[in-house]
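So the structure is just underneath, and the comments pick up after that.
Proteins get letters first, then strands, A, B, ... in listed order; numbering begins at 1 in each. Keep in mind it's a predicted model, so treat the numbers as computed, not measured.
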Amino acid sequence: MTNAVLTSGTSTLPSTSKRRRPHEEVASWFLVAPAASLILLLLIMPLAAVLGLSFTDYQLGARAWSYVGAANYAALANDPVFWRSVGNTATYAAIVVLGSTGLGLGVALMLGRSSLLTQVWRTVFFLPVMGSLIAMAIVWEFMLHPTFGLINAALGLVGFAPVNWLQNGDTALGVLAVIGIWQQFGFNMVLFLAGLSGIPQSLHDAAEMDGAALAWDRFQLVTWPLLAPVTLFVVVISTIRSFQVFDTVHALTKGGPNKATEVLLYTMYAEGFEFFRTGYAAAIAVVFVTAMLLLTLAKVFIAEKRIHS
Amino acid sequence: MSRIDIDGIAKSFGRRPVLKGIELAIAPGEFMALVGPSGCGKSTLLRIIAGLEREDEGSIRLAGKPVDHLPARDRDLAMVFQSYALYPHLTVAENVAVPLTMRRLTTAERLPVFGRLSSRSRAIRREIDAEVAQACAMLGIGDLADRKPGQLSGGQRQRVALGRAMVRAPKAFLMDEPLSNLDAKLRVEMRSEIARLHRRLETTFVYVTHDQAEAMTMADRIAVMMDGQLIQVGSPEEIYADPSDLRVAEFIGSPKINVAGADAARALAARLDDPARAQVPGLRLAFRAEAATLVDPAEGGLVGQVVHLENLGADLHVHLAIEGQAEPIIVRRDPHAPRLRLEERCGIVVPPERLLAFDTSGLRLRAPQMRIAA
């Protein structure tokens, strides 16, 4: 009998070390269940629903719909408004990413040496990040008002003619981008400040001993290369956030004048909730999500490569 | 190779004084170790010499000329940091080249692609490459030239840091605990390697460490610092055999020097020709582990009980508990001598000339006061 116990004991030992015991398997499923079901309910299922909708001609409130295959996507490919929207979004993102990353880094470098004033400035620059963008947009609308706005008044003092910033097709997108930069750079600044504080002092000392005479030399030799991971993160986050621009467009220009500020999310909103073409809007959403996914994958890929090199 | 004069250097961080008037003259080509417990101000002193920190009072002279107004980069010194401080994004060769490219190439010539257009910059770069290769070969890291610091072991990184320091032939090398991040075995190897490097380069070295063994094995002279003051400067032999302060005696040497309290001191002095010599109040007598011999307890001297035997192969350290004294006395003994048993009682005898006497404040009492050697 003891023999039997021993043999069965030895035979089960290797298998338990490789495979989990049944009750552990149950427990592990039990433990991931809450998170998994939430992800399924709030992320995977809505995404699947949107993907499904994009292959239909469903209209918001309609009783019936039919499967139309890739017709929505085909229509998108031939829709000049959609391509205008893609171009505008890309332009907006390019300006905002460059501007908010550059400004965020510049301000972080200037604030780098910590003092009491630094804390005050940091808070000031971070305020737009915390504020509600719709409310901020309305304030901007007042400032940009063609007749009694603060900006035209200030420009008038130095002799410039008033500009109708938001109703002019040449300036509207640029103005929205400036508001985007103003709103985002504080966030980037905080990330850069964290990155700067992570650079060991000994590297700055080494650069000093090695004869880096100009601030530019030290920046090039130590600060910029060591901030590279933070910069990559900031650029990706800023890109994703600027692709998501919607609030300011909705509050200030509604995509106008003449589609000059038509951006992806606004087009999607207009198609879905103004023209009720839900199927078509779903197709835009799928394109948008795919673009975001590719961007995230690119970030992961580059970041991995950097770590292993 | 230059002399370094440290003249009345004082420094406080906030209200806390870190250096209290340091005077030290370092000869050209000398290997000077600044040694002391952590927080004694030795690193701050080194950073002041380097120019990375500004002194509140006093002056630093390099080769006779005051350099207090010069920023670190213009003092022509090289520094090796405890954390190596290698540029993580540059290869080994690029790291070593930095001090040369920074000094010989203009900002424009240092630009990635543009910088290589002019023939002048190409010629200088070729020169730099040759010097870097030579420095790397000398340190045995020639085959690592294309690696990044992240792919190197601690010892290899330390060599790269040394290469970056020596490639420029500076006036002096400043080293801030360069070996403390290495494992024990490598530390011993690098010790002799740095000493060899010093002999070969014949440059002034200022070496900061909290490890007395590093100071003892490498330095020409040791400056012992405690609480922001220099308490003794001398050759390793002097510092070891003739400490001027009990703190120096206790800091230098392993195992730690034995200090006998009042009762034990009387017992030791009883064997002297004139016991009255040990009558200074508060007197403390200290002796090294190798100065004492163990005798039969009947022969007198200080009597202790063996509590621990530490066999190091070449030496045997016998720990003896003394009545009325918290710390055991450690006596070195030939491991081939007759075996001792734990709890065995032994007499400890120290020849008078090997006894060091200190007063209550820890100051050394020399022979005339003590009349020991009279």
Heavy-atom proximity to chain A below 4.5 Å, by part of [X]:
X     : value
B/L86 : backbone
B/Y87 : both
B/A50 : both

At their closest point, which heavy atom of A/M209 faces which heavy atom of B/L77, and how far apart are they?
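Closest pair (atom of A/M209, atom of B/L77, distance): CE-O, 3.5 Å.
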Value for CE (B/M102) from CG (A/D217), rounded to nearest 0.5 Å, stands at 4.5 Å
Considering heavy atoms only, which positions within residues 66-75 of chain B lie below 4.5 Å of chain A?
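The residues closer than 4.5 Å to chain A, in numerical order, are B/P71, B/A72, B/R73.
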Does any non-hydrogen side-chain atom of B/R168 lie less than 4.5 Å from one of A/D210?
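No, side chains not in contact.
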Sort A/L214 into side chain, backbone, both or neither according to what part of it lies under 4.5 angstrom from a heavy atom of chain B.
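For A/L214, side-chain heavy atoms alone lie under 4.5 Å from chain B.
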Interface residue of largest heavy-atom contact number with chain A, from B/G150, B/P88, B/G51, B/A165, under 4.5 Å
B/P88
Looking only at heavy atoms, which of residues 197-207 of chain A get nearer than 4.5 Å to chain B?
A/S202, A/L203, A/D205, A/A206, A/A207
